[in-house]
Amino acid sequence: METLTLRPTAADAGSRVDAWLAAQLENLTRSAAQRLLEEGRVLQAGKALAKNYRLTGTETLTVSLPDPEPIDAAPQNIPLDIVYEDGDVVVINKPKGLVVHPAPGHPDGTLVNALLYHCHGSLSGVGGSLRPGIVHRIDRDTSGLIIAAKNDFAHQALALQLQDHSLARTYECIVIGSLPENAGTVNAPIGRHPTDRKKMAVVPNGRPAITNWEVLEYLSGHTHLRCRLETGRTHQIRVHMACLGHPILGDTVYGTKKPVPGLQGQCLHAAGLRFIHPRTGDAVELHCPLPEEFRAQLQKLAVRG
């Protein structure tokens with residue numbers, strides 16, 4: 001059983017503890033946080049908290065995570081582009097079209113299945129039976145760097161880095177239109193869309209979400225951006241760019257419904273990753289090049305300009 005110590009701040013005062021816990025831990029949903037509370041696994045000064053407890057911002061919380069579930073996903077020999085690997089972590093350059101973990105409609109053929117084969121079943125169990133090793137996720141049709149943990153020690157350490165932003169993720173994308181400034185920040189909470197439960201949206205009661213962006217190049221009717229995440233909400237960059245009125249090229253969910261010739265899904269790539277190695281304490285910084293179809297779009301739009 002793993003135990004975490006978490007400390008809310010004055011800015012968290014008044015928040016429900018279940019919602020706050022879900023916002024702090026990347027792989028913890030609000031319903032999962034409520035189960036932890038109902039099972040007496042969240043303590044403050046030795047006392048179990050109720051799921052509707054309101055934080056004062058002065059607490060020190062002790063969270064006892066249950067033992068990992070047995071891994072149910074099956075190993076599959078799927079080629080992987082390994083960018084970095086050691087005994088604790090593995091970083092993959094994920095291609096577009098590869099789903100990260102098994103889910104309804106995608107029972108196998110996922111990154112998890114490939115990792116189980118590559119790592120001979122040696123992955124952390126914190127994420128549960130269908131998400132072993134998965135510390136954070138990227139969308140099926142987003143390419144780029146994703147880190148997985150080979151053991152629970154590494155997983156817990158990386159999860160805390162997501163919380164304090166020492167695990168940094170940088171993306172590049174092409175958005176529709178020209179942004180009026182060279183850089184900016186979107187600070188807008190994200191939650192489920194009020195009418196379409198398959199989509200996310202900027203909503204008043206959503207989870208905190210912050211995206212920093214800067215212009216790399218102005219193109220013909222489009223802009224090439226670099227985005228740095230301070231949080232990691234589902235579809236965060238896609239939702240935030242659409243909120244600005246500049247949806248990502250090829251995003252048929254949050255932008256135009258018409259596919260872009262020569263482009264599969266959205267033109268979004270996880271280009272950079274920086275983390276503190278959980279065992280050595282050394283900083284690890286990794287980058288991977290833009291995929292061919294992304295470079296092709298840049299060339300096409302630059303030629304038009």
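Every value quoted in this text rests on a predicted model; they were computed, and no experiment measured them.
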K.L.:
Show the nearest heavy-atom pair for residues A50 and V17, with the distance to one decimal.
P.N.:
O-CG1, 3.4 Å
K.L.:
Using 4.0 Å as the upper bound for N to carboxylate O, is an ion pair formed by R238 and D139?
P.N.:
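Looking at R238 together with D139, the answer is yes, because their closest N to O distance falls below 4.0 Å.
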K.L.:
Before giving the answer on ring pair (Phe, Tyr, Trp, His ring centres under 6.0 Å), spell out for H224 and F294 the whole-Å C-alpha distance, their side-chain angles and the decisive distance to 0.1 Å.
P.N.:
CA-CA 10 Å; H224 180 195; F294 195 125; 5.6 Å; yes
K.L.:
In a check of side-chain contact (heavy atoms from CB on, under 4.5 Å) between I174 and each of L216, L301, I248, which one passes?
P.N.:
L301
K.L.:
Can K51 and D18 be counted as an ion pair, charged N to O under 4.0 angstrom?
P.N.:
no
K.L.:
Would V284 and V91 show up in the same hydrophobic cluster when neighbours are defined by side-chain heavy atoms closer than 4.5 Å?
P.N.:
yes
K.L.:
Give a yes or no on whether I147 and Y84 share a hydrophobic cluster (residues Ile, Leu, Val, Met, Phe, Trp, Tyr; joining criterion: side-chain heavy atoms under 4.5 Å apart).
P.N.:
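I147 and Y84: one cluster.
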K.L.:
As a quick check of understanding, evaluate salt bridge (Lys or Arg N to Asp or Glu O under 4.0 Å) for R274 and E285, giving each step before the final call.
P.N.:
CA-CA 4 Å; R274 188 183 73 247; E285 187 161 358; 5.1 Å; no
K.L.:
Side chains of S166 and D164: do they bring a donor and an acceptor to under 3.5 Å?
P.N.:
yes
K.L.:
Looking at H277 and T280, what are the two nearest heavy atoms and their distance?
P.N.:
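The answer is CB-OG1, 3.2 Å.
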K.L.:
Is E292 paired with R295 through a side-chain N to carboxylate O contact shorter than 4.0 Å?
P.N.:
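Looking at R295 and E292, the cut-off is met.
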K.L.:
Quiz question: by atom type and distance under 3.5 Å, do the side chains of N113 and T110 form a donor-acceptor pair?
P.N.:
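Short answer, yes.
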K.L.:
Run the salt-bridge test on E214 and R228 with the 4.0 Å N-O cut-off and return the result as yes or no.
P.N.:
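Salt bridge flag = no for R228 with E214.
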K.L.:
Locate the shortest heavy-atom distance separating L145 from H136; write the atom from each residue and the value.
P.N.:
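Heavy-atom minimum between the residues: O-CE1, 3.9 Å.
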K.L.:
When you measure from the side chain of E172 to the backbone N and O of L268, does any donor-acceptor pair fall under 3.5 Å?
P.N.:
no
K.L.:
Quick check on the hydrophobic clustering: are L158 and F153 connected, directly or via other members, by side-chain heavy-atom contacts under 4.5 Å?
P.N.:
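No; tracing contacts between hydrophobic side chains, which count when under 4.5 Å, never links both residues.
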K.L.:
Please check if the side chain of D86 supplies one atom and the backbone of V89 the other of a donor-acceptor pair under 3.5 Å.
P.N.:
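Between the backbone of V89 and the side chain of D86 there is a qualifying donor-acceptor contact (under 3.5 Å).
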K.L.:
Can E59 and R7 be counted as an ion pair, charged N to O under 4.0 angstrom?
P.N.:
no
K.L.:
Shared ILVMFWY cluster between V203 and V239, side chains joined below 4.5 angstrom?
P.N.:
no
K.L.:
So, the side chain of H222 versus the backbone of L249: is there a donor-acceptor pair under 3.5 Å, distance only?
P.N.:
no
K.L.:
Report the residue from K94, K96, H269 that forms a side-chain hydrogen bond (donor to acceptor under 3.5 Å, both in side chains) with S143.
P.N.:
H269
